[in-house]
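Below: the structure, in structure tokens.
None of the values given here were measured: they were computed from a predicted structure.
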Amino acid sequence: MTGSIDYGNLMHQAMRGLIQEVLQGVKDNGLPGEHHFFITFDTRHPDVNIAAWLTDRYPEEMTVVMQHWYDNLDVTDEGFAVTLNFGDAPEPLYIPYDAIQTFVDPSVEFGLRFETQSSDDEDDEDELHLVDVDDVEDDIEDDTPEEEIKGEAEVVSLDSFRK
């Protein structure tokens with residue numbers, strides 16, 4: 001048995017499970033009310049599946065918006081697939097949960113940011129933060145009106161739980 005409980009990893013698993021549950025609810029019932037999502041993900045993740053022209057345009061990370069038009073949402077234990085519209089061109093995407101860097105629902109001022117940092121012993125350490133919803137605007141690559149992003153959320157670091 002190890003000498004400590006890996007709260008950071010457990011929290012990551014729980015929050016990715018939360019994202020899966022939210023997306024499954026959207027698949028089953030549609031987006032309720034004013035809910036919509038800004039999802040930023042690492043396009044270099046080996047299991048991400050997007051069109052080559054999107055990888056060329058976004059070689060490191062990409063932010064997508066699930067709001068007015070999305071199709072073919074499929075939610076699995078490992079990730080989700082969805083077809084989104086890029087300039088009147090529908091494109092299928094597959095995004096594993098491990099590739100997600102931020103997940104934000106500005107309609108209720110909720111956001112998560114997953115970060116991986118290299119430590120002194122070269123092991124990757126994950127950090128999970130609640131994000132300031134206003135900061136997400138900088139990551140959005142489309143023409144989402146500024147008034148759709150509002151409110152603040154407290155940023156919480158899991159570093160205080162680590163040895």
Side-chain angles (χ1 to χ4, degrees), residues 1-50 54-55 58-67 70 72-82 84 92-141 149-163:
M1 182 169 189
T2 64
S4 66
I5 297 171
D6 187 355
Y7 286 106
N9 188 40
L10 292 170
M11 186 65 111
H12 264 221
Q13 290 173 8
M15 292 301 99
R16 287 190 170 108
L18 177 141
I19 293 169
Q20 178 183 358
E21 190 171 332
V22 166
L23 292 174
Q24 185 64 51
V26 169
K27 177 184 177 184
D28 295 343
N29 305 307
L31 277 167
E34 297 297 315
H35 288 276
H36 56 288
F37 310 129
F38 298 134
I39 303 169
T40 302
F41 62 97
D42 182 352
T43 57
R44 300 168 296 182
H45 188 285
D47 296 326
V48 164
N49 189 356
I50 60 175
L54 287 171
T55 303
Y58 305 100
E60 294 181 8
E61 70 178 30
M62 179 179 180
T63 301
V64 294
V65 179
M66 283 184 62
Q67 184 173 15
Y70 62 91
N72 304 318
L73 180 58
D74 185 33
V75 180
T76 69
D77 289 340
E78 292 78 32
F80 68 99
V82 66
L84 296 176
L93 312 169
Y94 175 75
I95 304 168
Y97 302 120
D98 287 346
I100 295 175
Q101 296 172 336
T102 63
F103 180 89
V104 176
D105 183 345
S107 71
V108 292
E109 300 177 12
F110 176 81
L112 296 172
R113 177 177 47 220
F114 299 91
E115 295 179 359
T116 301
Q117 297 181 345
S118 188
S119 66
D120 293 338
D121 62 0
E122 299 301 320
D123 289 336
D124 284 341
E125 290 185 10
D126 290 330
E127 292 183 12
L128 173 68
H129 301 272
L130 295 176
V131 296
D132 183 335
V133 175
D134 291 329
D135 290 343
V136 174
E137 182 179 19
D138 296 335
D139 295 331
I140 305 304
E141 297 294 338
I149 303 173
K150 54 190 169 199
E152 290 186 16
E154 180 183 355
V155 176
V156 178
S157 174
L158 295 179
D159 287 339
S160 59
F161 295 106
R162 296 205 176 125
K163 275 188 140 182

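- Contact check for Phe38 versus Thr102: no side-chain heavy atoms found under the 4.5 Å cut-off.
- Contact annotation: the side chain of Val75 approaches that of Tyr97 to within less than 4.5 Å [non-hydrogen atoms, C-beta and beyond].
- Residues that satisfy the side chain to side chain donor-acceptor pair (under 3.5 Å) test with Gln20, not counting sequence neighbours, are Asp77.
- Side-chain contact between Phe110 and Leu18: present, with at least one pair of heavy atoms (C-beta onward) separated by less than 4.5 Å.
- The salt bridge (Lys or Arg N to Asp or Glu O under 4.0 Å) contacts involving residues 22-38 comprise Lys27-Asp74, where partners must be two or more places apart or lie in separate chains.
- Across all non-hydrogen atoms, the minimal contact from Val82 to Phe80 is CG1-CE1, 4.0 Å.
- The heavy-atom pair separating Leu84 from Met66 by the smallest distance is CD2-CG, 4.1 Å.
- Separation of atoms CD1 (Ile100) and CD1 (Ile19) is listed at 4.5 Å; rounding is to 0.5 Å.
- Asp42 is linked by a side chain to side chain donor-acceptor pair (under 3.5 Å) to Arg44, counting only residues two or more places apart in sequence or in another chain.
- The closest side-chain heavy-atom distance from Met62 to Val48 is not below 4.5 Å.
- Gln13 is linked by a side-chain contact (heavy atoms from CB on, under 4.5 Å) to Asn9, Leu10, counting only residues two or more places apart in sequence or in another chain.
- Side-chain contact check for His35 versus Val22: every heavy-atom pair is 4.5 Å or farther apart.
- A 4.5 Å side-chain heavy-atom check between Glu78 and Pro96 finds every atom pair outside the cut-off.
- Under the rule for a salt bridge (Lys or Arg N to Asp or Glu O under 4.0 Å), Asp47 has no partner lying at least two apart in sequence or in another chain.
- With sequence neighbours excluded, the residues that form a ring pair (Phe, Tyr, Trp, His ring centres under 6.0 Å) with Phe37 are Phe103.
- By the side-chain contact (heavy atoms from CB on, under 4.5 Å) test, Asn49 pairs with Tyr94, sequence neighbours left out.
- For the pair Val64/Tyr70, no side-chain contact is recorded, criterion being any heavy-atom separation below 4.5 Å from C-beta on.
- Rounded to the nearest 0.5 Å, atoms CD1 (Ile95) and CG (Leu23) are 9.0 Å apart.
- Judged by distance alone, with hydrogens and angles left aside, the side-chain atoms of Thr43 form a donor-acceptor pair with the main-chain N or O of Glu60 at under 3.5 Å.
- Under the 4.5 Å side-chain criterion, counting only non-hydrogen atoms from C-beta, Tyr58 is not in contact with Thr40.
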